[in-house]
Amino acid sequence: MILWEALGSVLIGLAVSYGALRWLPARFGRFGSRTLALGTGPVAALFGALLAHSVLGPGHVAGTLVAALVVAVALLSLLLRPEGPPRRSATV
């Protein structure tokens with residue numbers, strides 16, 4: 001059962017990272033490295049699934065995959081950079 005959770009979470013992570021690379025840069029910013037973004041999705045989802053499986057226990061496949069999705073989206077959002085030059089604060 002945990003093998004299916006792991007495989008499902010890696011596929012969710014790949015789908016999230018591919019979707020982020022395809023649709024998000026045009027509206028919200030850009031990723032520094034395409035390879036980093038494609039690698040972060042599956043690793044983050046696998047970590048989220050492991051964490052959720054540890055907390056929830058066996059038999060909660062749906063909850064584990066939802067947690068994998070949430071962690072993958074959260075960690076991929078940290079890689080986004082805003083478009084344009086960096087802004088400086090007037091107080092600095």
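What you see is a predicted model; the values in this text were computed from it and never measured. The chain is numbered in sequence order, starting from 1.
Taking hydrophobic clusters as Ile, Leu, Val, Met, Phe, Trp and Tyr residues chained together by side-chain heavy-atom distances below 4.5 Å, Leu79 shares a cluster with Leu21. Transitive grouping of hydrophobic side chains (ILVMFWY, heavy atoms separated by less than 4.5 Å) brings Leu38 and Val16 into a common cluster. Taken together through direct or relayed side-chain contacts under 4.5 Å among Ile, Leu, Val, Met, Phe, Trp and Tyr, Leu69 and Val61 form part of one hydrophobic cluster. Linking Ile, Leu, Val, Met, Phe, Trp and Tyr residues whenever their side-chain heavy atoms come within less than 4.5 Å leaves Leu46 and Ile12 in two separate clusters.
Evaluation of the side chain to side chain contact (heavy atoms under 4.5 Å, CB included) rule for Leu75 yields Thr40, Ala44, Val71, Leu78 as partners, not counting sequence neighbours.
Heavy-atom minimum distance, Ser17 versus Gly41: CB-CA, 4.1 Å. Between Leu65 and Gly8, the closest heavy-atom pair is CD2-C, 3.9 Å. Heavy-atom minimum distance, Gly13 versus Ala72: CA-CB, 4.5 Å.
Listed by first then second residue, pairs satisfying side-chain hydrogen bond (donor to acceptor under 3.5 Å, both in side chains) with a partner in residues 61-76 number zero, not counting sequence neighbours.
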Give every donor-acceptor pair under 3.5 Å between a side-chain atom in residues 50-59 and any protein atom, sequence neighbours left out.
| unit_1 | atom_1 | unit_2 | atom_2 | d |
| --- | --- | --- | --- | --- |
| His53 | ND1 | Glu5 | OE1 | 3.0 |
| Ser54 | OG | Leu50 | O | 2.9 |

